[in-house]
Amino acid sequence: MTSNPDEKKQTDSAEATPARSNFIRDIIDEDNRTGKFDGRVQTRFPPEPNGYLHIGHAKSICLNFGLAADYNGKCNLRFDDTNPAKEEQEYIDAIIENVRWLGFEWGDKVFYASDYFEQLFQWAVQLIKAGKAYVDDLTADQIREYRGTLTQPGKESPHRSRSIDENMDLFERMRKGEFPDGSRVLRAKIDMASPNINLRDPVLYRILHAEHPRTRDKWCIYPMYDFAHGQSDSIEGITHSICTLEFEDHRPLYDWCLDQLGIYHPKQIEFARLNLNYTVLSKRKLIKLVQDKHVRGWDDPRMPTLAGVRRLGYTPEAIRNFCDLIGIAKSNSIAEIGMLQYCVRQDLNKRAQRVMGVLKPLRVVITNYPEDKVEEFDAVNNPEDPTMGTRKVPFSRVLYVEQEDFMENPPNKFYRLSPGREVRLRYAYFIKCVDVIKDEQGNVVELHCTYDPETRGGDAADGRKVKATLHWVSANHAQAAEVRLYDHLFDRANPNEEVEDGDFTAFINPNSLQVLESAWIEPSLAGAAAGSFYQFERLGYFCVDPDSKTDKLVFNRTVSLKDEWAKVQKNQPS
RNA sequence: UGGGGAGUCGCCAAGCGGUAAGGCAGCGGACUUUGGAUCCGCUAUUCGUAGGUUCGAAUCCUACCUCCCCAGCCA
């Protein structure tokens, strides 16, 4: 008890920030304390290969793989491939690639529920023999009628009391393919009057004469999610089977199957899935965007898919940090897309090389600068990271600056170029606007400026200050580029809101993509590889799109820089 | 008017009977050759509502309100 409070403070602040607490960690801690799973932590990420992974899946991936890492356990990547009608190899491949891209490892084995089909079948047989399952001949419509409603109990199927022998015979023949799709199902015999509808004799197996991406035509009966998931968890020795809230009602069934079978019993835990404003995060809706060509494909940079945000220029680090920041809880919530953008800026600020590029060029002639002279200035590659070094940027008499950096009649607080005003060209000189050239329509097409040789490098010998520093590019040296600017795919914060007429596509933002065909970038960017990312100073972070040609790079704007001037304009329109 | 969940700052989210963490956003200010970054301040007398228990409640009890999920041979 002699410790000095100041010392304690220092110790605390020096410690690495511990993983934030959440209810799942509490459960695991408690299980470890009581020895429920002998201190093991084994999780799994179980996607169904019926679509591409999106940012919502990233939350689950980070949770499951993160927990395994923190608790010294393992996390399996397991495909929940029990419905061949909707699943495809393309999705399996993309999912594997995306999880790896996000930065997670799972050893040499990818797991598939389909690997357990034979075992699952045997377990179904076990249930039948125990009188806990039966083959039902009712049609899908009849089963629905018999199920009752939310407030009324269901009634038992006339086939519910079939003999075990008859059930066995029928089930074997279902497997052999003697019956057409939909003609019969295997059902659990539980309780048609249960207040939990999932327990009203749920379907365990259905007949589906469809080719499975992995088992091909080996099977024509497939287990339902409820009969496959828990048992797959059991086979893999999963300790904590983490899923989303809508499966809470299924937990009694998850438990029932495992208990009836008398096999190892993992614990199912549910958490709230991620929602993000200004976008949609449901496979059904994303697939519609792709199929109806509202976007160019699964990897369209406007898509919230991992393939999409990757192409947009988001980094795995930023996404993982985002998943960490939003936390884990059980209340439905909609996170702000701004939080994600914050994470992207934070990561890219540390790592992106700075570069100059002009999106909407305005020609500037430095009238007192020699015609043929070319100077090279040293530019810092990243002020956040000196080890990234410097590069040379050529300067000459004719330049391009950003159209938005000039105003003929500047409002209050506009610090940039205007007639008679002096500004700094980054790394180069102070220039002063002396003349504004317009076309017949009165549009500003060119600026005549003078430079002050005494300000070479960007500092005035006499110590005079300038309020703005502009980015620029030398006209004779610049490379042509195409730049794609993206905005929210939807113009409504919550496009999932139900509306009287029309569906969510009615909220698609018609201006979500703006293509600038004639941007100019500094010559050091020539030949940049697809995927490489940069900060265009004062504008934002951009990355090279795979559509790039050797003679014309294509850039995607990943996210803009925070813009104080935009805020000023917005708050006091003048 | 069945069952299962959830309600703490504009948005996420800690808190687990001892007197409201943190992050994002926002607002001030410092600094600045990116109106970027960085830095420094400010922002819930109050935890869906109403009662109750307690010396003490966001935390326990009761009732009520609101929102989400479930009637696929989808997952």
Side-chain angles (χ1 to χ4, degrees), chain A residues 17 20-22 26 46-48 50 80 82-83 85-86 136 138-140 143-145 147-154 181-187 193-200 202-208 221-222 224-226 228-229 243-252 270 272 274 277 283-284 322 324-343 345-346 349-350 354 356 379-380 383-384 413-416 424-428 430 455 457-459 466-471 535-540 560-568:
Chain A
T17 46
R20 60 201 67 246
S21 81
N22 64 52
D26 290 346
E48 182 191 10
N50 67 344
D80 234 332
T82 57
N83 184 3
K86 292 184 175 176
D136 198 351
L138 256 28
T139 64
I143 286 181
R144 188 180 320 116
E145 284 167 29
R147 188 153 33 222
T149 68
L150 294 179
T151 52
Q152 292 171 304
D181 288 5
S183 59
R184 278 179 234 266
V185 293
L186 181 74
R187 291 231 254 170
S194 173
N196 181 343
I197 290 179
N198 294 301
L199 262 23
R200 318 242 264 227
V203 172
L204 266 22
Y205 266 89
R206 76 288 214 186
I207 300 171
L208 231 41
I221 57 171
Y222 292 91
M224 297 288 289
Y225 167 86
D226 288 306
H229 205 95
C243 60
T244 44
L245 257 23
E246 68 271 26
F247 291 103
E248 226 153 4
D249 284 344
H250 292 246
R251 193 170 66 230
E270 311 83 15
L274 171 68
N277 61 12
K283 281 190 186 171
R284 201 205 101 232
F322 170 72
D324 197 38
L325 289 186
I326 54 174
I328 300 295
K330 292 194 73 163
S331 60
N332 290 112
S333 58
I334 305 176
E336 288 175 346
I337 193 91
M339 180 112 64
L340 217 202
Q341 293 172 330
Y342 159 81
C343 292
R345 288 190 184 103
Q346 182 185 251
N349 176 51
K350 290 179 306 195
R354 266 76 301 202
M356 289 195 284
V380 174
E384 304 292 321
K413 292 196 174 168
F414 180 85
Y415 303 148
R416 285 108 98 146
R424 170 167 43 232
L425 292 181
R426 175 138 239 223
Y427 300 124
F430 283 11
T455 59
D459 277 314
V466 100
K467 293 214 71 167
T469 300
L470 309 188
H471 59 277
Q535 182 197 94
F536 285 10
E537 292 212 32
R538 303 208 307 133
L539 296 174
S560 65
L561 248 31
K562 284 192 5 189
D563 188 346
E564 195 63 29
W565 168 238
K567 203 190 291 180
V568 169

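All heavy atoms count here, side chains included; hydrogens, waters and symmetry mates do not. A, B, ... follow the sequence lines: proteins, then strands. Residue 1 opens every chain.
Residue contacts shown for Glu384(A) include a base, since a base heavy atom lies under 4.0 Å away. Nucleic acid contact for Asp226(A): none, since no nucleic acid atom lies under 4.0 Å from a heavy atom of the residue. Counting non-hydrogen atoms under 4.0 angstrom, Ile328(A) reaches the backbone sugars and phosphates but no base. Asp80(A) comes within 4.0 angstrom of the backbone, heavy atoms only, and of no base. Looking at heavy-atom distances under 4.0 Å, Asp249(A) makes contact with a base. Among the protein residues, Leu150(A) comes within range of the nucleic acid bases, having at least one heavy atom under 4.0 Å from a base atom. Base engagement by Thr139(A) is indicated by at least one non-hydrogen atom pair under 4.0 Å involving a base atom. Among the heavy atoms of the strands lying under 4.0 Å from Ala329(A) are primed sugar atoms or P, OP1, OP2 only; no base atom is included. Within 4.0 Å of Pro252(A), counting heavy atoms only, lies no atom of the nucleic acid at all. Counting any heavy atom pair closer than 4.0 Å across all strands shown, Arg416(A) reaches a base atom.
Between Tyr342(A) and Leu325(A), the shortest heavy-atom contact is CE2-CD1, 4.0 Å. When all heavy atoms are compared, the tightest approach of Phe430(A) to Gly458(A) is CE1-O, 3.3 Å. The two residues Ala468(A) and Tyr415(A) come nearest to each other via the heavy atoms CB-O, 3.3 Å. Leu274(A) and Ala335(A) get closest at one heavy-atom pair: CD1-CB, 4.0 Å.
A75(B): no Watson-Crick or G-U partner with both key distances under 3.5 Å is found in any strand. Here G36(B) sits opposite no nucleotide as a Watson-Crick or G-U wobble pair (both hydrogen-bonding atom distances under 3.5 Å).
Taking atom CD of Glu336(A) as the reference point, atom P of C9(B) lies 13 Å away to the nearest angstrom. Atom-to-atom, CG of Asp136(A) to P of G72(B) comes out at 15 Å; the value is rounded to the nearest Å.
Comparing the C1' positions of U38(B) and G48(B) gives a spacing of 40 Å, expressed to the nearest Å. Taking atom P in both U19(B) and C11(B), the straight-line distance is 27 Å, to the nearest Å. With C1' as the reference atom, C16(B) and A57(B) are 12 Å apart, rounded to whole Å. Going from the C1' atom of C9(B) to that of C70(B) covers 33 Å, rounded to whole Å. Taking atom P on both C40(B) and C24(B), the two are 12 Å apart, rounded to the nearest angstrom. Across G15(B) and U32(B), the matching P atoms stand 42 Å from one another, rounded to whole Å. Annotation: A25(B) and C12(B) have their P atoms spaced 15 Å apart (nearest Å). The separation of U8(B) from C47(B), taken at their P atoms, amounts to 11 Å, rounded to a whole angstrom.
Between Thr149(A) and the phosphate of G2(B), there is no side-chain N or O to OP1/OP2 separation shorter than 4.0 Å. Distances shorter than 4.0 Å separate some side-chain N or O of Lys567(A) from OP1 or OP2 on C27(B). Residue Lys562(A) places at least one side-chain N or O under 4.0 Å from the OP1 or OP2 atom of A37(B). Taking only side-chain nitrogens and oxygens, Arg144(A) never comes nearer than 4.0 Å to OP1 or OP2 of C73(B). Put simply, Tyr342(A) has a side-chain N or O that comes within less than 4.0 Å of OP1 or OP2 on C24(B). Distances shown here put a side-chain N or O of Arg538(A) below 4.0 Å from the OP1 or OP2 atom of G35(B). Contact check, Ser333(A) against C11(B): no side-chain N or O comes under 4.0 Å of OP1 or OP2. The phosphate of G72(B) has OP1 or OP2 within less than 4.0 Å of a side-chain N or O from Arg147(A).
Rounded to the nearest 0.5 Å, atoms CG (Asn349(A)) and CG (Leu561(A)) are 8.0 Å apart.
The main-chain N or O of Ser194(A) is found under 3.5 Å from a side-chain atom of Arg200(A) such that the two form a donor-acceptor pair.
In this pair, His229(A) and Tyr225(A) present their aromatic rings tilted. The plane angle is within the 30 to 60° band.
Among G3(B), C70(B), G36(B), the nucleotide with an atom closest to any side-chain atom of Pro195(A) is G3(B). Listed nucleotides: C12(B), A13(B), G36(B). Nearest to the side chain of Ser331(A): A13(B).
Arg424(A) and Thr469(A) share a donor-acceptor pair across their side chains, judged by distance under 3.5 Å alone.
Counting distance only, with no hydrogens placed and no angle test, the side-chain atoms of Asn277(A) and the base atoms of C11(B) include no donor-acceptor pair under 3.5 Å.
Because its glycosidic torsion is more than 90° from 0, G28(B) is reported here as anti.
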